[in-house]
Amino acid sequence: MPELPEVETVRRGLEPAMAGARFEAVETRRPDLRFPLPERMAERLTGRRVEALGRRAKYLLADLDNGEVLVMHLGMSGSFRVEERDESRTPGAFTRALAHDHVVFAMSSGALVTYNDPRRFGFMALIPRSELATHPLMRHIGVEPLGNELDGAVLAQAFAGRSTSLKAALMDQRLIAGLGNIYVCEALHRSGLSPLRAAGTLATRAGKPTARATRLAEDIRAVLQEAVAAGGSSLRDHAQTNGELGYFQHTFRVYDREGEPCLRGGCGGTVRRITQNGRSTFYCPRCQR
DNA sequence: ACACGGACCTGAAGGC
DNA sequence: TGCCTTCAGGTCCGTG
């Protein structure tokens, strides 16, 4: 499920269940996801209080009252669901677990929070807060695209001197945090930029970011904000913690629309699918240059 | 620097 | 009905 809008949707769904609440019981139903779960994770979490639930790039960050952070990544197929606890459904006596339910948190808020991940590309880690910024997982993460930091100048700087494609540059988490295959395709279409164009062509000119870079920064922010407002995109999985589908997928202009007409007014082009860096790229060759 | 293939996993969908 | 291939929202690693 997870690009920035989906992860942010999950964060908002988990916040009332987890922020300010304690882990009363934790069940790990297998020892590993993509990586082994943290040593004695259940023990170490039990009794801890979540001070805040944050997000950085595609990582969920539960700040704990002992100075550690529970870092959670959803991989390709991870999801959380939040249910009301009842006596028959506490961890350790979880009689109605679904396939691929791997970790269960029983919170003092009365919520039962279950992590489900069929492909197990997700992972969890416990890291001291003081080491988070320099931890290998976080150290090289680029600018957050929501908020005010991302603008044409930042983009132009990030792209300077890069011969790699715009698609690859935008997918690179070291430059901009949280974009993935869908939203890169969508942002580039909004900006009328070819995913094949060299990133360096948007770099600073004469000390100022190009108009294209400024436009792209605005379109990235817009598409992400709209997607968050829609509760993310739901393709094969549920994005939201209450089981409801996000609906931004109905707004895709190019993603997964190979062979269909370009939705830019007056363009008349046809959406193409190509492969870049091993991933499908959808774009309109007519209006994206 | 960068492209590419492969790795990690499961499941859905399509072709035959 | 099956069996096979391909593809999927992510990231990491090795090899050119």
Side-chain angles (χ1 to χ4, degrees), chain A residues 1-11 29-37 55-60 71-80 98-102 115-125 135-142 145 158-188 195-201 203 223-224 227-228 230-241 245-252 254-259 273-282:
Chain A
M1 312 180 337
E3 296 183 43
L4 187 154
E6 290 73 42
V7 178
E8 179 59 24
T9 297
V10 170
R11 192 197 68 75
R29 307 187 73 247
R30 57 175 300 136
D32 60 315
L33 297 170
R34 177 174 178 184
F35 309 120
L37 289 168
R55 178 190 59 75
R56 173 79 172 110
K58 301 171 190 169
Y59 295 93
L60 291 164
V71 178
M72 298 170 280
H73 195 287
L74 302 172
M76 286 281 260
S77 60
S79 64
F80 280 96
L98 304 179
H100 310 301
D101 282 353
H102 303 312
Y115 179 69
N116 182 286
D117 188 355
R119 295 175 74 180
R120 301 202 312 277
F121 288 171
F123 58 89
M124 296 188 185
H135 192 277
L137 288 174
M138 298 283 158
R139 192 167 38 189
H140 299 298
I141 301 279
F159 290 161
R162 296 198 176 246
S163 58
T164 193
S165 68
L166 270 182
K167 171 80 183 310
L170 291 177
M171 293 284 285
D172 187 340
Q173 303 297 297
R174 294 171 301 184
L175 302 183
I176 302 176
L179 291 175
N181 209 33
I182 292 176
Y183 297 104
V184 167
C185 292
E186 293 297 312
L188 287 172
L196 299 162
R197 171 192 275 267
T201 63
V223 73
L224 294 176
V228 169
S233 303
S234 302
L235 299 186
R236 294 147 197 77
D237 301 298
H238 296 266
Q240 306 199 41
T241 55
L245 299 175
Y247 52 87
F248 191 76
Q249 66 276 14
H250 304 301
T251 313
F252 291 166
V254 284
Y255 186 81
D256 208 20
R257 295 192 61 248
E258 181 182 17
R273 178 166 80 116
I274 60 173
T275 299
Q276 288 179 288
N277 304 83
R279 312 292 300 276
S280 286
T281 296
F282 298 89

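Each chain gets a letter, A, B and so on, in the order the sequences are listed, and its residues count up from 1. All values derive from a computational prediction rather than experimental measurement.
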Visitor: Are OP1 or OP2 of B/dC9 and a side-chain N or O of A/Ser77 less than 4.0 angstrom apart?
Guide: no
Visitor: Is any side-chain nitrogen or oxygen of A/Arg174 closer than 4.0 Å to OP1 or OP2 of B/dA1?
Guide: no
Visitor: Take atom CG of A/Asp256 and atom P of C/dC7, then tell me their distance rounded to the nearest Å.
Guide: 12 Å
Visitor: Classify the ring geometry of A/Tyr115 against A/Phe80: parallel below 30°, tilted from 30° to 60°, perpendicular beyond 60°.
Guide: tilted
Visitor: Taking the side chain as everything from C-beta on, heavy atoms only, tell me whether A/Val71 gets closer than 4.5 Å to A/Met138.
Guide: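 Touching, per the 4.5 Å side-chain cut-off.
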Visitor: How is A/Gln276 classified with respect to the nucleic acid when contacts are heavy atoms under 4.0 Å: base, sugar-phosphate, or nothing?
Guide: nothing
Visitor: What is the distance from CE of A/Met124 to P of C/dT11, rounded to the nearest Å?
Guide: 16 Å
Visitor: If the P atom of B/dG11 is compared with that of C/dT11, how far apart are they to the nearest Å?
Guide: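 So the two P atoms sit 22 Å from each other.
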Visitor: Taking atom P in both C/dT6 and B/dG6, what distance in whole Å separates the two?
Guide: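 Between the two P atoms, the distance is 12 Å.
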Visitor: Can a side chain N or O of A/His100 be found less than 4.0 Å away from OP1 or OP2 on B/dT10?
Guide: no
Visitor: At 4.0 Å (heavy atoms only), tell me whether A/Arg162 reaches a base, stays on the sugar-phosphate, or touches nothing.
Guide: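 It contacts sugar-phosphate atoms only.
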Visitor: For a quick test of reading the model: is some side-chain N or O of A/Arg34 closer than 4.0 Å to OP1 or OP2 of B/dC9?
Guide: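 No.
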Visitor: Please state how far atom CG in A/Asp172 lies from atom P in C/dC12, giving the value in whole angstrom units.
Guide: 11 Å
Visitor: What's the closest nucleotide to the A/Gln173 side chain, out of B/dC8, B/dA3, C/dT11?
Guide: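 Per side-chain heavy atoms of A/Gln173, the pick is C/dT11.
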Visitor: Could you tell me the separation between the NE2 atom of A/His102 and the P atom of B/dC8, rounded to a whole number of Å?
Guide: 17 Å
Visitor: Quick check on DNA chain C: between A/Arg119 and A/Phe123, whose nearest nucleotide comes earlier from the 5' end?
Guide: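 Result of the comparison: A/Arg119.
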Visitor: Separation of A/Leu175 atom CG from C/dT11 atom P, in whole Å?
Guide: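 Taking CG of A/Leu175 and P of C/dT11, I get 13 Å after rounding.
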Visitor: Report which part of the nucleic acid A/Ser165 touches: base, sugar-phosphate, or nothing (heavy-atom distance under 4.0 Å, all strands).
Guide: sugar-phosphate
Visitor: Tell me the interatomic distance from A/Glu3, atom CD, to C/dA8, atom P, rounded to whole angstroms.
Guide: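 Checked: the CD to P distance equals 13 Å.
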Visitor: When you check the phosphate oxygens OP1 and OP2 of C/dG10, does a side-chain N or O of A/Lys58 lie under 4.0 Å from one of them?
Guide: yes
Visitor: For B/dG5 versus C/dC7, give the span between their P atoms, rounded off to a whole number of Å.
Guide: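 Per the computed distance, 13 Å lies between those P atoms.
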Visitor: Give one of base, sugar-phosphate or nothing for A/Gly278, where a contact means two heavy atoms less than 4.0 Å apart.
Guide: nothing
Visitor: Rounded to the nearest angstrom, tell me the gap between atom CG in A/Leu4 and atom P in C/dG10.
Guide: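 For the pair A/Leu4 CG and C/dG10 P, the rounded distance is 11 Å.
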Visitor: Over how many whole Å does the gap from A/Arg139 atom CZ to C/dC12 atom C1' extend?
Guide: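 In whole Å, C/dC12 C1' and A/Arg139 CZ are 14 Å from each other.
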